[in-house]
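Please read the structure below before turning to the comments.
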Amino acid sequence: MKNANRRDFIKKASILSLQAGIISKSNFLILSKNSNKPVILGGEKTILPNQWVKWPIWDSENDEKILLDVMRSGVWSRAKTVSLFEEKWANLIGSKRCLTVVNGTNALIIALNQSKIQAGDEVIVTPYTFIATIQAILANGAIPIFVDVDPTTFQMDPTKIEAKISQRTKAIMPVHILGLPCDMPRIMEVAKKHQLIVIEDACQAPLAAINHQHVGTFGKAGCFSFQNSKNIAIGEGGAIISNDEAFMDACYSFHNLGLPYGIATGSISAGSQIQGNKLRFSEYQAAIGLAQLSRLEEQTAKRNENANYLTSLLKSIDGIHTVRLYPDVTRAAYHLYPFRYDPNAFKGLSRAQFLQALDAEGVPCSGGYTSLNTQPFLKQTFESSNFKKMYSSNELNYTSYMENNQCPLNNQLCNEAVWFTQNLLLGTKNDMELIDQAIQRIHAHADQIKKKLK
Ligand SMILES: *Cc1c(COP(=O)(O)O)cnc(C)c1O
């Protein structure tokens with residue numbers, strides 16, 4: 001076999017074995033004499049890092065026909081492939097309508113914009129999220145109001161929302177962060193009571209469900225991302241779903257330069273009805289999306305199976321606090337697998353040192369988000385001439401804003417969190433056991449590792 005062919009063969013074989021759920025033989029524990037010694041102390045790796053499932057997954061043989069058909073047709077701007085993807089996404093999540101857009105960030109911006117959230121409005125949101133959630137609020141001239149997290153679930157604490165509601169509160173933006181559902185029944189209760197709009201940021205949570213209802217369908221609208229790291233990887237892309245026909249018509253219009261809903265892409269003679277932007281999804285993105293869609297259900301099932309198994313293993317390690325799902329969660333999306341790390345149970349080994357040691361074992365990991373409500377962009381926005389024209393100087397008093405928006409539990413969570421990316425959960429049961437063993441090793445040698453890394 002020529003080298004290139006051979007690589008191709010290995011690639012194909014690994015994709016096939018992934019699809020068939022066959023155990024990857026290479027992920028074996030190296031049973032040397034030193035098998036329990038951490039890598040940092042001269043032991044062998046627990047797991048070979050290049051054996052994790054590569055992301056994104058692409059199956060040339062089965063995925064490329066639809067993409068090539070699109071490319072060869074020469075119809076690359078929004079047309080029937082985009083419509084087909086939208087129809088499938090709406091059906092899959094359980095919504096009347098879907099509109100695809102360029103990315104998740106703009107899905108959020110449009111959904112807020114067409115919910116008439118604008119200058120003078122406050123939007124209640126979690127500080128434990130990807131920056132785009134907050135940027136979407138600011139892009140519409142509104143002000144984010146932060147509700148602290150429940151560190152056991154990593155989500156916005158629903159019991160703390162009401163205290164943050166003011167005359168100006170217009171919406172709540174629950175973010176199903178890490179692909180784990182927020183407590184939507186309670187959030188919806190608060191929203192109903194105070195007549196607030198709910199826009200769900202479900203960018204990390206396709207197919208996550210509460211009482212078998214998919215997240216993204218609880219509020220007025222749900223937003224998704226198809227960025228490359230997300231559970232549906234298209235490179236870039238996003239979607240809004242809703243049952244509200246007039247709202248979806250308006251979102252469509254906004255994403256197409258304000259041209260009326262229903263006219264063909266490019267028919268500019270119809271005249272623009274509203275202020276808009278140009279944020280259309282393209283045919284080849286939809287083609288890639290259709291290919292990715294064919295695997296989503298199976299991958300989601302696998303992520304859940306492996307995450308639940310890993311949780312059952314890690315629960316017994318002192319100092320590893322596995323995540324709590326709300327009682328009515330019937331499925332999570334596990335875009336990330338999180339836990340909280342307590343250095344006290346690891347002889348004072350800091351989280352940074354723990355991450356370094358775990359990475360050395362061959363388990364890719366990170367500490368996740370840093371506290372975003374303390375980052376400079378908020379101050380910069382408050383000082384912008386746009387905001388100064390929209391708000392009084394009193395309203396833009398950054399010091400008092402910061403005082404009112406402190407989230408001490410979130411700061412703590414940002415210091416304690418450890419994340420694995422979702423592709424680790426596409427491995428085998430044995431892979432989960434190896435992750436557990438790697439952490440056990442570090443736990444058993446925490447003292448020595450700490451000395452060594454000093
Ligand atoms: C990825 C993400 C977004 C933004 O989506 P993009 O497609 O990257 O623009 C928004 N919110 C959350 C929670 C995300 O994870």
Side-chain angles (χ1 to χ4, degrees), residues 55-56 85 89 93 98-113 117 123-140 142 144 146-147 149 153-156 171-182 184 187 198-208 214-216 218-219 221-241 251 255 277-282 285-286 288-289 292 303 323 332-338 366 368-373 375 377 410 413-414 417 419-423:
W55 191 263
F85 179 85
W89 193 256
I93 307 296
C98 168
L99 172 71
T100 52
V101 292
V102 287
N103 53 39
T105 306
N106 276 283
L108 294 167
I109 292 176
I110 299 169
L112 290 172
N113 188 283
I117 285 153
V123 178
I124 289 179
V125 71
T126 175
Y128 200 75
T129 185
F130 182 56
I131 197 76
T133 314
I134 313 306
Q135 297 282 20
I137 298 169
L138 296 171
N140 283 293
F146 295 99
V147 170
V149 296
T153 63
F154 287 62
Q155 308 298 323
M156 167 193 281
I172 306 177
M173 256 175 111
V175 183
H176 307 287
I177 206 64
L178 316 180
L180 315 177
C182 291
M184 286 315 290
I187 293 173
V198 174
I199 307 286
E200 290 172 75
D201 181 341
C203 284
Q204 299 187 359
L207 297 188
H214 287 139
V215 303
F218 286 84
C223 297
F224 295 88
S225 166
F226 309 127
Q227 189 273 337
N228 237 43
S229 69
K230 302 293 159 80
N231 292 12
I232 286 272
I234 306 183
E236 299 292 348
I240 307 166
I241 57 160
C251 288
H255 107 302
N277 203 327
K278 186 160 179 277
L279 302 161
R280 299 188 308 233
F281 205 46
S282 59
Q285 285 174 296
I288 295 171
Q292 301 294 25
R303 286 186 193 104
V323 71
Y334 283 108
H335 175 57
L336 293 143
Y337 180 92
S366 85
Y369 297 130
T370 54
S371 295
L372 63 74
N373 57 326
Q375 290 173 22
F377 73 99
N410 180 61
L413 179 61
C414 289
W419 288 2
F420 301 142
T421 50
Q422 48 84 17
N423 60 311

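Counting convention: from 1, in listed order, for ligands and their atoms alike.
Listed as neighbours of ligand 1 are Asn103, Gly104, Thr105, Leu108, Thr129, Phe130, Ala132, Thr133, Val175, Ile177, Asp201, Cys203, Gln204, Ser225, Gln227, Lys230, Gly237, each bearing a heavy atom under 4.0 Å from the ligand.
Between the side chain of Asp201 and the backbone N or O of Val175, no donor-acceptor pair lies under 3.5 Å. Between the side chain of Asn103 and the backbone N or O of Ser225, no donor-acceptor pair lies under 3.5 Å.
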Pair Glu200-His176, side chain to side chain donor-acceptor pair (under 3.5 Å): steps then yes or no: CA-CA 8 Å; Glu200 290 172 75; His176 307 287; 2.8 Å; yes

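Between the side chains of Ser371 and Asn373, not a single donor N or O lies within less than 3.5 Å of an accepting N or O.
With sequence neighbours left out, Gln155 forms a side-chain hydrogen bond (donor to acceptor under 3.5 Å, both in side chains) with no residue at all.
Across all their heavy atoms, Ile288 and Ala233 have their closest contact at CG2-O, 3.9 Å.
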